[in-house]
Undergrad: 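What follows is a structure written as structure tokens; I'll ask about it next.
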Amino acid sequence: MALVVQKYGGTSVGTVEKIRNVARRVAKTFDDGNDVVVIVSAMAGETNRLVALADDICEFPSEREYDVLVSTGEQVTIALLSMCLQSMGYNAKSYLGSQIPVRTDNDHSRARIKSIDDKKVREDLKSGTIIIVAGFQGIDEHGNVTTLGRGGSDTSAVAVAAALNADVCEIYTDVDGVYTTDPRMVPEASKIEKISYEEMLEMASLGAKVLQIRSVEFAKKYNVVIHVRSSFNDKPGTLVMKEDQEMETVLVSGIAYNKDEAKVSVLGVPDQPGIAAKIFTPLGEAGITVDMIIQNVSRDGKTDLTFTVPKADCKKALKIVEEAAPTIGAEGVAHNEAISKVSIIGVGMRSHAGIAQTMFETLSKEGINIEMISTSEIKVSCVIDSKYTELAVRVLHAAFGLDNPTSVE
Ligand code: ADP
Ligand code: ASP
Ligand code: MG
């Protein structure tokens, strides 16, 4: 008998019929003799609908009320799944994050889980009850509802699995595993049998939305093996786990893209100490995450400083930089939202040379201009014109030998 944690994403619970399908899967796992704890997301599209309502009602909704609102989607699905299981003759009980409780910090809309109380869950499991927990939400020390950031139910699931020391943490979604790139963009993408935490972290940070970044950080920290699989078939999925020697033989494991960043340039900045601090300190204080930064070689004592920020923060960033520009003697500020970042990821890069070169040559053959480059031990990212995103992902996928003739699902 094992303790199994299963998470079902929005598309897996998107309709009443799909919730019935999930209930049958959960019931089967229970009938096989396992203790089962299920984490569910809101029905597909529901969280977007709630976010749009908040945006409609006022320009800057309070973060506390935003969390009260957007967390409601998951309350619906835990109740429906629980009702469905009960109607099939099982003992099932739903819990909101605040009822477990899942304790978080008070950073609304992107809260971090601090601890999870396992007492009630363990008691219920002992009495043969299937537990259904609302993903994406928690409660802070003052009793306020918090949410964990978009895609946060993945993190709820991994955290619950870690807290309960579960034997398995299964993330059920609408594709049957982690692919070499987004299978919705490149039908030739291949399913990856197993991927290291480090590579999965890079894939998630660089745009692959199949797992929330924090869920992978959590899994790595607490050594939880994640099994990503489809809720619509029984094929084995992808194991996200500790790196092993076999993984190192693969040079590039995946390609990711991100169209959610914008580029900001501060032009004609005097090349002298303290300038970068004057630009990036106020951005940091405003909670804006700066990703790539490039500073050109100075000409006549002046230089251009270019960096990327999330598109959602671009307006805010421009306001801050435009205010700072005259105080540092900059000549102007420019920005471009029509960019995307394409990245290649692989632990094999640590021990093999020439991989970045293949990437640059492949893009150049297609006439795609590289605007910015950044590298780490296991990834290379290039910023390009967003209209070439799909082309770039496809040619890189082929160039690194990742194409698989069989299609998804
Ligand atoms: P859920 O609602 O189950 O949480 P998500 O939409 O968050 O599902 O994540 C699944 C989606 O992630 C897939 O439909 C797929 O389009 C996208 N995706 C992006 N990159 C990848 C990748 N490398 N492998 C698998 N799926 C990916
Ligand atoms: N419902 C939330 C969202 O859409 C959390 C999740 O699905 O993981 O972001
Ligand atoms: Mg998701």
Side-chain angles (χ1 to χ4, degrees), residues 6-15 18 22 39-52 66-67 69-78 97 109-111 133-138 146-160 170-193 195 199-216 226 228-232 235 237-238 240 252-260 342-346 389-390 393 396-397 402 404 407-409:
Q6 300 186 329
K7 177 255 169 176
Y8 292 90
T11 40
S12 303
V13 294
T15 61
K18 286 182 177 167
V22 167
I39 283 76
V40 282
S41 294
M43 294 167 94
E46 179 60 9
T47 311
N48 286 346
R49 190 183 73 86
L50 296 166
V51 170
Y66 174 93
D67 278 351
L69 176 71
V70 300
S71 60
T72 58
E74 275 71 10
Q75 182 161 354
V76 173
T77 43
I78 53 168
S109 83
R110 49 181 168 269
V133 183
F136 181 52
Q137 53 177 262
T146 55
T147 62
L148 311 178
R150 297 306 304 270
S153 299
D154 296 330
T155 304
S156 307
V158 176
V160 166
E170 297 175 326
I171 305 272
Y172 286 91
T173 181
D174 58 352
V175 284
D176 50 22
V178 179
Y179 277 71
T180 45
T181 193
D182 187 348
R184 310 233 171 259
M185 180 184 267
V186 181
E188 292 82 15
S190 328
K191 185 160 73 184
I192 302 172
E193 210 180 299
I195 185 167
E199 285 168 311
M200 194 63 236
L201 262 179
E202 290 285 7
M203 292 269 277
S205 323
L206 296 168
K209 289 181 178 145
V210 60
L211 286 178
Q212 199 201 30
I213 305 168
R214 281 186 188 165
S215 70
V216 189
I226 304 177
V228 181
R229 47 191 311 198
S230 167
S231 60
F232 304 111
K235 291 184 196 165
T238 301
V240 184
V252 171
S253 325
I255 319 269
Y257 64 91
N258 183 355
K259 293 183 181 175
D260 298 334
V342 177
S343 310
I344 57 172
I345 298 120
T389 313
E390 190 167 339
V393 173
L396 290 170
H397 198 264
L402 300 173
N404 176 343
S407 57
V408 197
E409 286 165 1

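FYI, the numbering just counts along the sequence from 1. Ligands are counted one by one from 1 in listed order, and the atoms in each one are counted from 1 as well. Computed from a predicted model, the values in this text were never measured in an experiment.
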Undergrad: Quick check: closest heavy atoms across Gly97 and Gln137, and the distance to 0.1 Å?
TA: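 Closest pair (atom of Gly97, atom of Gln137, distance): N-OE1, 3.1 Å.
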
Undergrad: Can you confirm whether Tyr66 sits close enough to Val51 that some side-chain heavy atom of one is under 4.5 Å from a side-chain heavy atom of the other?
TA: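 A side-chain contact under 4.5 Å exists here.
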
Undergrad: In terms of atom number and element, which parts of ligand 2 are under 4.0 angstrom from non-hydrogen atoms of Ser41?
TA: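 So the atoms of ligand 2 that pass are 6 (C), 7 (O), 8 (O).
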
Undergrad: Run the numbers for me: atoms of ligand 1, each under 4.0 Å from some heavy atom of Asp174, listed by number.
TA: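 Atoms satisfying the 4.0 Å criterion: 10 (C), 11 (C), 13 (C), 14 (O).
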
Undergrad: Can you list the ligand 1 atoms lying under 4.0 Å from a non-hydrogen atom of Ala208?
TA: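 By the 4.0 Å cutoff, the relevant atoms are 20 (N).
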
Undergrad: For ligand 2, which atoms have a heavy atom of Gly151 less than 4.0 angstrom away?
TA: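 That gives atoms 3 (C), 5 (C), 6 (C), 8 (O), 9 (O) of ligand 2.
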
Undergrad: Looking only at protein heavy atoms, which one is nearest to atom 25 (C) of ligand 1, and what is the separation?
TA: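 So the nearest neighbour among protein heavy atoms is Gly177 O, 3.4 Å.
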
Undergrad: What is the nearest protein non-hydrogen atom to atom 6 (C) of ligand 2, stated with its residue, atom name and distance?
TA: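 Closest protein heavy atom to atom 6 (C) of ligand 2: Ser153 OG, 3.4 Å.
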
Undergrad: Would you verify that at least one protein heavy atom lies under 4.0 Å from atom 14 (O) of ligand 1, or report that none does?
TA: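 There is a protein heavy atom less than 4.0 Å from atom 14 (O) of ligand 1.
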
Undergrad: Return a yes/no value for Ser12: is any of its N or O atoms, backbone included, closer than 3.5 angstrom to an N or O of ligand 1?
TA: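 No.
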
Undergrad: Considering non-hydrogen atoms only, spot the tightest contact between Phe136 and Ser156 and give its length.
TA: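 Heavy-atom minimum between the residues: N-OG, 2.8 Å.
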
Undergrad: Is there a donor in the side chain of Asp67 and an acceptor in the side chain of Thr147, or the other way round, less than 3.5 Å apart?
TA: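 Yes, a side-chain donor-acceptor pair sits under 3.5 Å.
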
Undergrad: Is it the side chain, the backbone, both or neither of Arg184 that has a heavy atom closer than 4.0 Å to ligand 1?
TA: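 Looking at Arg184 and ligand 1, just side chain atoms fall under 4.0 Å.
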
Undergrad: Looking only at heavy atoms of Gly152, does any of them come nearer than 4.0 Å to an atom of ligand 2?
TA: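 Yes, that is the case, since the closest heavy atom of the residue is under 4.0 Å from the ligand.
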
Undergrad: When rounded to the nearest 0.5 angstrom, what distance separates OH in Tyr179 from OG in Ser190?
TA: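 Taking OH in Tyr179 and OG in Ser190, the distance rounds to 8.5 Å.
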
Undergrad: Heavy-atom distances under 4.0 Å are what count here, so tell me which part of Glu46 touches ligand 2: side chain, backbone, both or neither.
TA: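 For Glu46, there is no contact with ligand 2 at all, from either part.
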
Undergrad: Salt-bridge test for Arg184 and Asp174: reply yes if a basic N is under 4.0 Å from a carboxylate O, no otherwise.
TA: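 The answer is yes: the pair qualifies as a salt bridge.
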
Undergrad: Taking distance alone, with no angle check, do Lys7 and ligand 2 share an N/O pair under 3.5 Å?
TA: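 Between Lys7 and ligand 2, no N or O pair is found under 3.5 Å apart.
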
Undergrad: Heavy atoms only, cut-off 4.0 Å: how does Met43 contact ligand 1, side chain, backbone, both, or neither?
TA: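 For Met43, no heavy atom sits under 4.0 Å from ligand 1.
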
Undergrad: To the nearest 0.5 Å, what is the distance between CG (Leu206) and CD1 (Ile255)?
TA: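 Rounded to the nearest 0.5 Å, the CG-CD1 separation comes to 11.0 Å.
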
Undergrad: Between Gly10 and ligand 1, does any nitrogen or oxygen pair lie at a separation below 3.5 Å?
TA: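 For ligand 1, there is an N or O atom that lies under 3.5 Å from one belonging to Gly10.
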
Undergrad: Kindly indicate, with the supporting measurements, whether the criterion side-chain contact (heavy atoms from CB on, under 4.5 Å) is fulfilled by Val186 and Val393.
TA: CA-CA 8 Å; Val186 181; Val393 173; 3.8 Å; yes

Undergrad: Can you confirm, on distance only, whether ligand 1 has an N/O atom lying under 3.5 Å from any N/O atom belonging to Asp154?
TA: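 No, Asp154 has no N/O under 3.5 Å of an N/O on ligand 1.
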
Undergrad: So which atom in Val70 and which in Glu74 form the shortest heavy-atom distance, rounded to 0.1 Å?
TA: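 Closest heavy-atom pair between Val70 and Glu74: O-OE1, 4.0 Å.
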
Undergrad: Considering only heavy atoms of Val178, which atoms of ligand 1 have at least one such atom less than 4.0 Å away?
TA: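 Numbered from 1, ligand 1 contributes 24 (N).
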
Undergrad: Main chain of Asp154, side chain of Ser215: is a donor-acceptor contact present, judged purely on distance under 3.5 Å?
TA: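 Not at all, since once roles are kept as given, no pair shorter than 3.5 Å links the two residues.
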
Undergrad: Can Gly135 be said to touch ligand 2, with heavy atoms closer than 4.0 Å?
TA: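 Distance cut 4.0 Å: Gly135 fails for ligand 2.
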
Undergrad: Using a strict 4.0 Å cut-off to heavy atoms of Thr173, name the atoms of ligand 1 that fall inside it.
TA: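 The atoms of ligand 1 under 4.0 Å from a heavy atom of Thr173 are 1 (P), 3 (O), 8 (O), 9 (O), 10 (C).
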
Undergrad: Taking non-hydrogen atoms only, is Asp182 closer than 4.0 angstrom to ligand 1 via side chain, backbone, both or neither?
TA: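 Both backbone and side chain.
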
Undergrad: Any N/O of Gly149 closer than 3.5 Å to an N/O of ligand 2?
TA: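 No, no N or O pair falls under 3.5 Å.
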
Undergrad: Within a distance under 4.0 Å of any heavy atom of Tyr179, pick out the atoms of ligand 1 and give their elements.
TA: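 Numbered from 1, ligand 1 contributes 22 (C), 23 (N), 24 (N), 25 (C).
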
Undergrad: So, does Glu74 sit close enough to ligand 2 that a heavy atom of it is under 4.0 Å from the ligand?
TA: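 Flag set, Glu74 near ligand 2.
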
Undergrad: Any heavy atom of Arg150 closer to ligand 1 than 4.0 angstrom?
TA: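 No; Arg150 lies far enough from ligand 1 that no heavy-atom distance drops under 4.0 Å.
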
Undergrad: Can you measure from OH (Tyr8) to CD (Glu170) and round to the nearest 0.5 angstrom?
TA: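 Nearest 0.5 Å value for the OH-CD distance: 7.0 Å.
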
Undergrad: Provide the closest heavy-atom pair for Ala111 versus Thr146 in the form atom of the first, atom of the second, distance.
TA: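 Scanning both residues, the minimum pair turns out to be CB-CB, 3.8 Å.
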
Undergrad: Under the 3.5 angstrom rule, does the side chain of Gln212 hit a backbone N or O of Arg150 as a donor-acceptor pair?
TA: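 At least one qualifying donor-acceptor pair exists.
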
Undergrad: Does the N or O separation between Asp154 and ligand 2 drop below 3.5 Å for any pair?
TA: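 Such a contact does not occur with ligand 2.
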
Undergrad: Can you tell me how far apart CE (Met203) and CD1 (Ile195) are? Round to the nearest 0.5 Å.
TA: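 CD1 of Ile195 is found 4.5 Å from CE of Met203.
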
Undergrad: If the cut-off is 4.0 Å to any non-hydrogen atom of Lys209, which atoms of ligand 1 fall inside it?
TA: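 In order of numbering, the contacting atoms are 7 (O), 9 (O), 19 (C).
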
Undergrad: Over all heavy atoms of both residues, which pair between Ser231 and Ser12 is shortest? Give the atoms and the distance, please.
TA: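 Reported closest heavy-atom pair: OG-OG, 2.8 Å.
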
Undergrad: Which heavy atom in Asp176 sits nearest to a heavy atom in Lys235, and how many Å separate them?
TA: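 Taking every non-hydrogen atom into account, OD2-CD, 3.4 Å.
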
Undergrad: Going by the atom numbers of ligand 2, which of them fall below 4.0 Å from some non-hydrogen atom of Arg150?
TA: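 Those qualifying, in numeric order: 3 (C), 4 (O), 9 (O).
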
Undergrad: Would you kindly specify which portion of Ile171 sits under 4.0 Å from ligand 1, judged on non-hydrogen atoms: side chain, backbone, both or neither?
TA: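 Contact part for Ile171 vs ligand 1: neither.
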
Undergrad: Could a heavy atom of Ala44 be found less than 4.0 Å from some atom of ligand 1?
TA: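 It does not; every heavy atom stays at 4.0 Å or beyond.
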
Undergrad: Quick check: does Thr180 get an N/O under 3.5 Å from an N/O on ligand 1?
TA: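 No, since none of the N or O atoms of Thr180 sits under 3.5 Å from an N or O of ligand 1.
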
Undergrad: Around atom NZ of Lys18, are there more than 12 heavy atoms of other residues, nucleotides or ligands at under 6.0 Å?
TA: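 For Lys18, atom NZ is crowded (more than 12 foreign heavy atoms under 6.0 Å).
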
Undergrad: For ligand 2, which atoms have a heavy atom of Thr47 less than 4.0 angstrom away?
TA: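 Result: 1 (N), 2 (C), 3 (C), 4 (O).
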
Undergrad: Hey, is Pro183 touching ligand 1 through its side chain, its backbone, both or neither, going by heavy atoms under 4.0 Å?
TA: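 Within the 4.0 Å criterion, Pro183 contacts ligand 1 through side-chain atoms alone.
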
Undergrad: Which atoms of ligand 1 sit under 4.0 Å from any heavy atom of Lys7?
TA: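 Close to Lys7: 4 (O).
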
Undergrad: Would you give the length of the straight line joining atom OG1 of Thr238 to atom CD1 of Ile171, rounded to the nearest 0.5 angstrom?
TA: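 The CD1 atom of Ile171 is 12.0 Å from OG1 of Thr238, to the nearest 0.5 Å.
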
Undergrad: Would you say the side-chain atoms of Thr11 pair up with the backbone N or O of Ala44, donor to acceptor, closer than 3.5 Å?
TA: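 Checking the backbone N and O of Ala44 against the side chain of Thr11, no donor-acceptor pair under 3.5 Å is found.
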
Undergrad: For atom 12 (O) of ligand 1, which candidate among Val228, Leu206, Val210 holds the nearest heavy atom?
TA: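 Checking each option, the heavy atom nearest atom 12 (O) of ligand 1 is found in Val210.
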
